[in-house]
Amino acid sequence: MSEISIEQGLLLSAALFVLGLIGVLARRNLIMILMAMEVMFNAAGLAFIVAGSRWGQADGQIMFLLILTLAAAEVGVGLGLVLQIFRRFHTLDADSLNGMRG
Amino acid sequence: MALTLFYITSAVAIFATVMMITRLNAVHGLLYLILSLLAVGVLFFLLGAHFAAVLEVIIYAGAIMVLFVFVIMMLNQGQRTIDQEQAWLKPGTWIGPTLLALILFAEMLVIVMSGDRADTGYIVNAKQVGTVLYGPYLLAVELASMLLLAGLVGAYHLAKPILIPRGHKFRLSGQAAQLSFKLRKPGRNV
C-alpha cells in the first residue's frame, strides 16, 4: 500500500476545487473564468484518481478519462462562445454582458 | 519518500493555483495554470496512476492549454501586443513558473534515480485500464465520442464570424447597441 493516505489526497482535491470556485466567483474576465473551471475539473479528476488508487481498481482512471473528454468538449464550446462574445461586444468582462434580447 | 514528494507537489499545485487566480494578465495566469496541471500530473504518478499522469500532461497541459493560448492570442493584435510581448520577456514574469517547473523536474529526477524502489501508490497500469474501458465501460466510451462530436460541431458553429444581413437591426441595449453599429460598418472584416 501507498504511504499517501486517502484523506490527504481528498483534502488536496477539495482545496484545489475551492480555489477554482473562488476563481470562478471572483474573476470577471471570461477567459480567467474558463481557466478556473479547468482547475475545478482537475480537482474532481484528482479525487477519482485518489479513490481509484485506494481501492486498486481501474475505475478511477476511467472516470478521469471521461472528465478529460468533458473538459475538452467544454473548452472547445466555451472558447467558441468567448470569441463570438468578443466579436459582438468588444469586451471580455462578464459583468458588462447583462443585457438580453426580448 | 513518496509522502515527502506528495507534500512538495501539493504545495506546488496549490501555490500555482493561487497565483493563477490572482494574476491580472490572462497569459501569466495561463503559465501558472499549466504548472498546476503538471503538478497534479506528478501527483497522479505518485498515486500509481501512470496512464492518467501521461494523459494529464499530453491532453490537459498540452492540447487544451494550446486552445487557450490560441484564443488569447487571437483576441489581442497589433502594436499593443508587441509592447506586451516585450514586457513579458522581463524575468519577473516567467521566473515564478520556471522555479515551480524546476521543483517538479527535480522530483522527477529523484523518482527516476530511485528506480523501482520508489514506493508510489498501488500501480494500475494502462493494460488494466484498457481492459475495463472496453469491457464494462464500452457504453461510456460511445457516449464520450458523441460528446466530442457535439463539442466539435458546436465549437465550429459558434466560432464562425457573424454575418449580419443588410437592414437587419441588432436589438441590443446601451453600450452594446453602439458597438453593434460599429460592427455593421461596411469594409470592416468581422
Q.
So which atom in A:G76 and which in B:A155 form the shortest heavy-atom distance, rounded to 0.1 Å?
A. O-CB, 3.5 Å

Side chains of residues 129-145 of chain B: which donor-acceptor partners sit under 3.5 Å, not counting sequence neighbours?
residue, atom, partner, partner atom, Å
B:T131, OG1, B:K127, O, 2.7
B:Y137, OH, A:D59, OD2, 2.7
B:S145, OG, B:E142, O, 2.6

Q: Please work out whether the ring planes of B:Y60 and A:F64 are parallel, tilted or perpendicular, with thresholds of 30° and 60°.
A: tilted

Q | B:L33 portion near chain A, given a 4.5 angstrom heavy-atom threshold | A | side chain

Q: Please look at B:L43 and chain A and tell me whether the side chain, the backbone, both or neither of the residue comes under 4.5 angstrom of a heavy atom of that chain.
A: side chain

Q: Below 4.5 Å from any heavy atom of chain B, which atoms of A:L12 appear? Answer side chain, backbone, both or neither.
A: side chain

Q: Against chain A, label B:Y7 side chain, backbone, both or neither, depending on which of its atoms sit under 4.5 Å from a heavy atom there.
A: side chain

Q: Looking only at non-hydrogen atoms, find the nearest pair between A:S53 and B:L47 and report the distance.
A: OG-O, 2.9 Å

**Q.** Pairwise salt bridge (Lys or Arg N to Asp or Glu O under 4.0 Å) hits with a residue in residues 19-37 of chain A, at least two apart
**A.** A:R28-A:D95

Q: Give, as side chain, backbone, both or neither, the part of B:L3 having an atom under 4.5 angstrom from any heavy atom of chain A.
A: both

Q: State, to 0.1 Å, how close A:M35 and B:L30 come at their nearest heavy-atom pair, and which atoms those are.
A: CE-N, 3.3 Å

Q. Which one of A:L92, A:I31, A:L79 satisfies the side-chain contact (heavy atoms from CB on, under 4.5 Å) criterion with B:I72?
A. A:I31

Q) Which heavy atom in B:I64 sits nearest to a heavy atom in A:E38, and how many Å separate them? A) CG2-OE1, 4.1 Å

Q. Given that the side chain runs from C-beta out, which part of A:A15 has a heavy atom under 4.5 Å from chain B: side chain, backbone, both or neither?
A. side chain

**Q.** Part of A:V24 within contact of chain B (heavy atom distance under 4.5 Å)
**A.** neither

